J.: 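Would you mind keeping the following structure in view while I ask a few things?
Lettering follows sequence order; numbering is per chain, from 1. Being a predicted model, the structure only gives us computed values, none of them experimental.
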Amino acid sequence: MNYWLMKSEPDEFSIDDLKACPNQTEAWHGIRNYQARNFMRDEMQIGDQVFFYHSSCKVPGIVGIAEVVTNAYPDSTAFDPESKYFDPKSDPTKPRWLRVDIRFVEKFNDIIPLSLIKNLPQLADMYLVSKGSRLSIQPVTAEQWQAVLMLTR
DNA sequence: GCCAACGTTGGC
DNA sequence: GCCAACGTTGGC
């Protein structure tokens with residue numbers, strides 16, 4: 001099993017939104033970055049655990065946990081001219097973009113703020129706080145996963 | 001294949 | 001809103 005961190009702008013889609021979805025499950029659409037896509041395609045597995053991260057907001061940070069419940073499959077929003085994620089270069093017979101479904105697992109009582117993560121030596125090597133990190137889907141090590149969980153309990 | 005121009009991300 | 005850092009595009 002692998003661990004991940006996935007970013008979302010809470011104004012667009014928050015962990016509360018995920019919890020409110022049918023079956024508390026939602027398709028993680030709109031990823032338009034090859035590295036993030038390749039993680040989904042090549043390394044993500046059903047059952048993988050995900051830190052849900054709120055970005056571009058007042059207090060950015062990790063707000064809870066979700067779980068991967070499907071393998072990667074074509075992101076149909078790329079074929080929809082009405083969608084903000086429409087990509088005319090993604091051919092439906094050869095889809096360029098993929099998504100997975102994730103299910104709500106847990107919302108932390110308190111957010112783990114980015115400012116705290118930056119200041120903890122045991123989390124200093126998280127991809128999240130590495131220079132110029134912008135990936136919206138990032139791998140997390142088992143050690144980092146445990147270190148973050150320790151902060152919530 | 002290089003690289004300048006442009007677009008996006010995301011913290012602050 | 002600013003801007004650093006990175007990704008993508010497209011001419012050559």
J.: Among the candidates B:dG11, C:dT9, C:dA5, find the nucleotide nearest to the side-chain atoms of A:S55.
T.: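 Nearest to the side-chain atoms of A:S55, counting from C-beta on, is B:dG11.
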J.: Tell me which one of A:F79, A:Y34, A:Y85, A:W28 satisfies ring pair (Phe, Tyr, Trp, His ring centres under 6.0 Å) with A:W97.
T.: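 That would be A:Y34.
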J.: Between the two ends of the helix from B:dG1-C:dC12 to B:dC12-C:dG1, what is the bend in degrees, rounded to 10 degrees, where each end axis spans five pairs?
T.: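 End-to-end axis angle for the helix from B:dG1-C:dC12 to B:dC12-C:dG1: 10°, rounded to 10°.
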J.: Let me know the distance between CG of A:D87 and P of C:dG7, rounded to the nearest Å.
T.: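 Taking CG of A:D87 and P of C:dG7, I get 18 Å after rounding.
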J.: Please report, rounded to the nearest Å, how far the P atom of B:dG11 is from the NZ atom of A:K118.
T.: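 These atoms are roughly 8 Å apart.
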J.: Please give, in whole Å, the distance from C:dT8 C1' to A:R37 CZ?
T.: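 Distance, rounded to whole Å: 14 Å.
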J.: Round to a whole Å and report the spacing from OH of A:Y85 to P of B:dG7.
T.: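 Atom OH in A:Y85 sits about 19 Å away from atom P in B:dG7.
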J.: Scan A:T70, A:V68, A:N38 and name whichever one has a side-chain contact (heavy atoms from CB on, under 4.5 Å) with A:M44.
T.: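 The passing option is A:V68.
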J.: Tell me whether the OP1 or OP2 atom of B:dG11 has a side-chain N or O from A:K131 closer than 4.0 Å.
T.: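 For A:K131, the contact criterion (side-chain N or O under 4.0 Å from OP1 or OP2 of B:dG11) is not met.
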J.: Within the structure, does a side-chain N or O atom of A:Y53 lie under 4.0 Å from either OP1 or OP2 of B:dG11?
T.: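 Affirmative; the distance criterion is met.
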J.: Looking at A:D101 and A:V69, would you say the former's side chain and the latter's main chain have a donor-acceptor pair under 3.5 Å?
T.: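 No, A:D101 side chain to A:V69 backbone: no donor-acceptor pair under 3.5 Å.
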J.: Quick check for you: among B:dG11, B:dG10, C:dC6, whose closest atom lies nearest to any side-chain atom of A:K7?
T.: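 Out of B:dG11, B:dG10, C:dC6, the nucleotide with an atom closest to A:K7's side chain is B:dG10.
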J.: Could you state the interatomic distance from CD1 (A:I15) to CD1 (A:I102), rounded to the nearest 0.5 Å?
T.: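 So the CD1 of A:I15 and the CD1 of A:I102 are separated by 8.0 Å.
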J.: For a 4.5 angstrom cut-off between non-hydrogen side-chain atoms, does A:R99 reach A:I31?
T.: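 No, side chains not in contact.
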J.: Scan A:K58 against the nucleic acid and name what it touches under 4.0 Å (heavy atoms): base, sugar-phosphate only, or nothing.
T.: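 Touches nothing.
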J.: How many whole angstroms separate atom OH of A:Y34 from atom C1' of B:dT8?
T.: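 Value for this atom pair: 15 Å.
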J.: Measure CE/A:M6 against C1'/B:dT9 and give the value in whole Å, please.
T.: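 Rounded to whole Å, this separation is 17 Å.
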J.: When you check the side-chain N and O atoms of A:T77 and A:R32, is any donor under 3.5 Å from an acceptor?
T.: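 Result is yes, a qualifying pair exists.
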J.: Could you state the CZ-C1' distance from A:R96 to C:dG7, rounded to the nearest angstrom?
T.: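 The distance from CZ of A:R96 to C1' of C:dG7 comes to 13 Å, rounded to the nearest Å.
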J.: Mind jotting down which residue pairs meet the side chain to side chain donor-acceptor pair (under 3.5 Å) criterion with at least one end in residues 144-153 of chain A? Sequence neighbours excluded, please.
T.: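 For residues 144-153 of chain A, and leaving out neighbouring residues, the side chain to side chain donor-acceptor pair (under 3.5 Å) pairs sorted by first residue read A:E106-A:R153, A:D125-A:Q144, A:T141-A:Q144.
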J.: Once you round it to whole Å, what is the distance between C1' of B:dG10 and CG of A:D11?
T.: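 Result: 13 Å.
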